[in-house]
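Hydrogens, waters and symmetry mates play no part in the numbers below; they use all other heavy atoms, side chains included. Because the structure is predicted, anything quoted here is derived from the model rather than measured.
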Amino acid sequence: MQSGPGKKNARFCAQIESARGLPERRLQIVLSGIHPENSPTPIEGKAIWTWDSPPDNSMPLASQNVCLTRPVLPLHGFYNEPVSFYELSRRAQGIFWRVWSRESKGEPRFSGKADTLQAWRASLRDKLVFLLENSGRQEPGHGLSEAQALLPALLFGDRFYLRQATTENFSLAAIAHSLALSGQHLAIAGLLGLFCIAAAARFHPAIYLWRPRVILVAAASCPAALLYLWIGNAPPSLLRAACMMFVLFFLVVRSKAFSGQDVIFLALIIFLVLDPLVFLDIGAQLSFLCVFTIAAFLPGMKKIWPFYTHRTHRANFYKRFFQILLISLFIQLALLPLTLKYFGVAGLWFPVNALWLPVLSLVVLPCAAVGLFFANLPFAASEWMAGQFLDLAVFPCQILCESLEYLRQSQILAEPVFLRPHWSTLAAFALLIIGMACLAGKSDRKYLKKFFALGLLFLGIGPCLRLWDVLDGKPLVDILDVGQRQAICLNLHAGKRLLLDGGGGNSIRFDPGKALLAPALTDNAAPRISAVFNSHPDMDHLGGLIYLLDHLDSGAIFHNGREANGRLKDEWAANMARPNANALVRGDKIELGGKLYLEVLHPPANDATWKGNNASVVLRLCRDGVGLALFPGDAEVESLRNVLASGMDISARVLLAPHHGSNSSYLPDFLRDVNPEVIVAACGFRNRYAYPGKKLRTWAAKNGVPLYNTGDHGRIRIGILPNGELRIQPSLER
């Protein structure tokens, strides 16, 4: 165990460090002190355990111990870039391993005493869920509705009862931030502090002579803020809000003149002192940027707002509504590079914030909090009172969920795939926002031109790199890391790009086309594909193509003429029926320009006997008759022999290993005739099939041919220079 866990199931024990609910009834549990059941010697680092559909919806608690029979595997991402922020964040937390289980598989057994505060928090959450499940709005035994499931998410940060589709709807409507526990949730603490001071003043008005009202309200709000930190389990966004609240209280008590930027700056310093790696957390980045944008632009709005001089109720209503709308617009513009870079969405529906956020802050959260308070009172009528307030909180949530789902089903809420900006764009927007803050303020205007000049300079880096890619005529073979699947992008001259296969799998929750291929294909590149090729319609080659064909601007479709099986059968049949879809057979030739072309080596024309893997389209990329790369799909020995018997030239400098490097596709005569300078196997990290197979590994070592695989090396880029040199760039060096 000292050398690290392996692929096989082994009984191990660990201590639970934290647990949180994810959509679709999943739990994400951080384990520490991992060791074999019969040995006290732990392995180095922590593990993330994803538990799908735990029995009885039970959630383990911090400080408990668990023993489980499951493989403990390295935390290994899809490396289509050197290292993702997600993985950097996990490594910074000391998390190096991952575990997955479903229901009671692995026979988890819990022992030990749970953390007392966590146990109290869990009892509050369970009480809330019990009342919601047994309310008059819900039939017994049917669990929570989506509107009801929002309340545990909003109060406790627990998304366990939400569907993935609901969180996606919130993201498309640009209100996903309202599900994150943040400053608007601490507004409950502010309202409670205001209520307490107002009630105290009714009985003892002289309290205002002791301290100014603002100090009294701030002091009364701090204990409630600490209470909500405990209820919300202190995620980074809530910690940021609480830190700012305490900094604000300190400055008010000290009677110091300050601005919103001062509060943010001091809170940021405290955050960095307590946790220097906090900014590896994407949520913390978005949270601080949101608040900075509000603080920077809100003072300037008073100068342009036409209704500020009016005191009528109608003017005040319009003022508040459009103020929220403008702030939402400023925030959306400030966050645009980050949301495009990380999530590929532009938040076109940001005006929904102007409708939802006031309802959330003034109705949903207060009613839910009061309902939770009554639910824990020891009176006979307390549960009835709690139910009434919870029903009030659920009602607007139900309207929102139904409205978003209707808009999505009507294809109105759908958001196109956008170009994901180069990292320099993030720096450019940061400089421009600081410049705008200087413009809105009265000081530091001497730096305005410098910030804007630097911002514009950084803003031009991404477009210049895209122009260079268009002008560069060198072919680039990009074998993407999509796990135990296959996807290859050919980058050719004049910005032309071809996609060969699109990965896929049986999971309805994970779409490689959306999660992996779209981000890789749109990384500082327009969301366009010149042509799409599918070697054969098995799920691991087809699944991700459907999303790309629906969301990206794509040209011709090429396939092997066979129908798909399974859940994508009808969707693939519809794509095969497009006017620009073509079935490929041996002898076909696709001209690509610049003396480049693709020739088809398999399957033979008018021969329907080839099925499954052996019906794979075999493509050879050539320039002036010289083979550059060969892509055999999942062709096995039988079809490879048929290609050899055809007498066609199959030589190529780069070979994509047939069938992910399987022994069932190992044919020495085929490898000899291809005579590759490098072989790449598209396969998953530590996959259960042990691809690339031993036979291929032995042949490559014996013949001195470098063998790469996407599981170990991540995305592998092979540039073919004009002088004939191959430039191989794996994302990971092994």
Discussion item. Looking at T522 and A518, would you say the former's side chain and the latter's main chain have a donor-acceptor pair under 3.5 Å?
Written reply: yes

Discussion item. For Y79, is there any backbone N or O sitting under 3.5 Å from a side-chain donor or acceptor partner on D481?
Written reply: yes

Worksheet item: Any idea which heavy atoms bring W97 and E44 closest together, and the distance?
Response: NE1-O, 2.8 Å

Discussion item. Within the 4.5 Å heavy-atom criterion, are L27 and R20 side-chain neighbours or not?
Written reply: no

Practice prompt. Spell out, as yes or no, whether a donor-acceptor pair under 3.5 Å connects the side chain of S662 to the backbone of H659.
Written response: no

Discussion item. Does this structure show an ion pair linking K341 with D523, if we count only N-O contacts that are shorter than 4.0 Å?
Written reply: yes

Practice prompt. Output, in order, the C-alpha distance, side-chain angles, deciding distance and verdict of side-chain contact (heavy atoms from CB on, under 4.5 Å) for D712 and F685.
Written response: CA-CA 6 Å; D712 287 337; F685 178 68; 3.7 Å; yes

Practice prompt. Taking R715 for its side chain and F78 for its backbone only, find out whether a donor-acceptor pair lies under 3.5 Å.
Written response: no

Worksheet item: Within the distance-only criterion (no hydrogens, no angle test), does the side chain of K569 pair as donor or acceptor with the backbone N or O of A564 below 3.5 angstrom?
Response: no

Fill in: Interatomic spacing from SG in C13 to CG in L68 - rounded to 0.5 Å
9.0 Å

Fill in: Audit row: L619, F558, side-chain contact (heavy atoms from CB on, under 4.5 Å) steps and yes/no
CA-CA 11 Å; L619 295 170; F558 298 95; over 6 Å; no

Discussion item. Within a 6.0 Å radius of atom CD on E563, are there more than 12 heavy atoms belonging to other residues, nucleotides or ligands?
Written reply: no

Item to complete: Examine distances only and state if a side-chain atom of R727 and a backbone atom of L721 form a donor-acceptor pair shorter than 3.5 Å.
Response: no

Worksheet item: Would a 4.5 Å heavy-atom cut-off, applied to side chains only, mark M576 and I557 as touching?
Response: no

Discussion item. Do L655 and N675 make a side-chain contact, defined as non-hydrogen atoms from C-beta onward lying under 4.5 Å apart?
Written reply: no

Fill in: Ion pair check, D52 and R26, cut-off under 4.0 Å
no

Worksheet item: Hey, does the side chain of S664 reach the backbone of E636 with a donor-acceptor pair shorter than 3.5 angstrom?
Response: no

Worksheet item: In terms of the angle between their ring planes, are W572 and H559 parallel, tilted or perpendicular, with boundaries placed at 30° and 60°?
Response: perpendicular

Worksheet item: If you round to the nearest 0.5 Å, how far is CH2 of W49 from CH2 of W100?
Response: 12.0 Å

Worksheet item: CG/L499 to CD1/I488 distance, rounded to the nearest 0.5 angstrom?
Response: 8.5 Å

Discussion item. Parallel, tilted or perpendicular: which one describes the rings of Y691 and Y689, with boundaries at 30° and 60°?
Written reply: parallel

Worksheet item: Yes or no on side-chain contact (heavy atoms from CB on, under 4.5 Å) for L592 and L498, after CA distance, side-chain angles and deciding distance?
Response: CA-CA 10 Å; L592 304 174; L498 312 179; 3.7 Å; yes

Worksheet entry | CG on L628 to CG on L621, rounded to 0.5 Å | 5.0 Å

Worksheet entry | Heavy-atom donor-acceptor pair, R620 side chain to S651 backbone, under 3.5 Å | yes

Worksheet item: Mind checking whether V618 and V600 have side chains closer than 4.5 Å, heavy atoms only?
Response: no

Worksheet item: Got P475 and V477 here, is their nearest side-chain heavy-atom distance under 4.5 Å?
Response: no

Discussion item. Measuring only between side-chain heavy atoms, which start at C-beta, is I590 closer than 4.5 Å to Y597?
Written reply: no

Practice prompt. State plainly whether the residues D469 and R466 are in salt-bridge range, i.e. N to O under 4.0 Å.
Written response: no

Practice prompt. Could you tell me whether a side-chain N or O of N606 sits under 3.5 Å from a main-chain N or O of P604, the two making a donor and an acceptor?
Written response: no

Worksheet item: For the residue pair C683 and N709, what are the closest heavy atoms and their distance?
Response: SG-CB, 3.7 Å

Fill in: Flag for R11-T69: side-chain donor and acceptor within less than 3.5 Å
yes

Taking only distance into account, with no hydrogens and no angle test, what donor-acceptor pairs under 3.5 Å do side-chain atoms of residues 537-549 form with protein atoms, sequence neighbours excluded?
| residue | atom | partner | partner atom | Å |
| --- | --- | --- | --- | --- |
| D538 | OD2 | H536 | NE2 | 3.4 |
| D540 | OD2 | H660 | NE2 | 3.2 |
| H541 | ND1 | D501 | OD2 | 2.8 |
| H541 | ND1 | S535 | OG | 3.4 |
| H541 | NE2 | D634 | OD1 | 3.1 |
| H541 | NE2 | D634 | OD2 | 3.0 |

Discussion item. Treating R562 as the side-chain partner and N560 as the backbone partner, does any N or O pair qualify as donor plus acceptor under 3.5 Å?
Written reply: yes

Worksheet entry | Among I48, N65, V66, side chain to side chain contact (heavy atoms under 4.5 Å, CB included) partner for L31 | V66

Tell me which donor-acceptor pairs under 3.5 Å the side chains of residues 692-708 have, and how far apart each pair is, sequence neighbours excluded?
| residue | atom | partner | partner atom | Å |
| --- | --- | --- | --- | --- |
| R697 | NH1 | P692 | O | 2.4 |
| T698 | OG1 | K694 | O | 2.8 |
| N703 | ND2 | W699 | O | 2.8 |

Worksheet, complete the sentence: From the list N613, D607, N614, side chain to side chain donor-acceptor pair (under 3.5 Å) with W610 holds only for D607

Worksheet item: Which atom pair, heavy atoms only, marks the closest approach of S639 to H602?
Response: CB-NE2, 3.5 Å

Worksheet item: side-chain hydrogen bond (donor to acceptor under 3.5 Å, both in side chains) with R98: which residues, sequence neighbours excluded?
Response: none

Practice prompt. To the nearest 0.5 Å, tell me how far L517 CG sits from C489 SG.
Written response: 9.5 Å

Practice prompt. Let me see the working for V99 and R70 under side-chain contact (heavy atoms from CB on, under 4.5 Å), right down to the final yes or no.
Written response: CA-CA 7 Å; V99 180; R70 294 298 293 158; 3.8 Å; yes

Fill in: Atom pair CG (L500) and CG (N534), whose distance is rounded to the nearest 0.5 Å
9.5 Å

Discussion item. Quick one, L630 and V654 - any side-chain contact, counting heavy atoms below 4.5 Å?
Written reply: no

Response to the item:
Shortest non-hydrogen pair, L521 vs R497, comes out as O-NH1, 2.6 Å

Worksheet item: So, R586 and N642: side-chain donor and acceptor under 3.5 Å apart, yes or no?
Response: yes

Response to the item:
Closest non-hydrogen contact found for R485 with G505 is NE-N, 4.2 Å

Practice prompt. For the residue pair D669 and L671, establish whether any side-chain heavy-atom pair is separated by less than 4.5 Å.
Written response: no

Response to the item:
On a heavy-atom basis, the closest approach of F533 and A531 is CE1-CB, 3.9 Å

Discussion item. Can you tell whether the side chains of K589 and E599 come within less than 4.0 Å, N to carboxylate O?
Written reply: no

Worksheet item: Parallel, tilted or perpendicular: which describes the rings of F458 and W423, with under 30° parallel and over 60° perpendicular?
Response: perpendicular

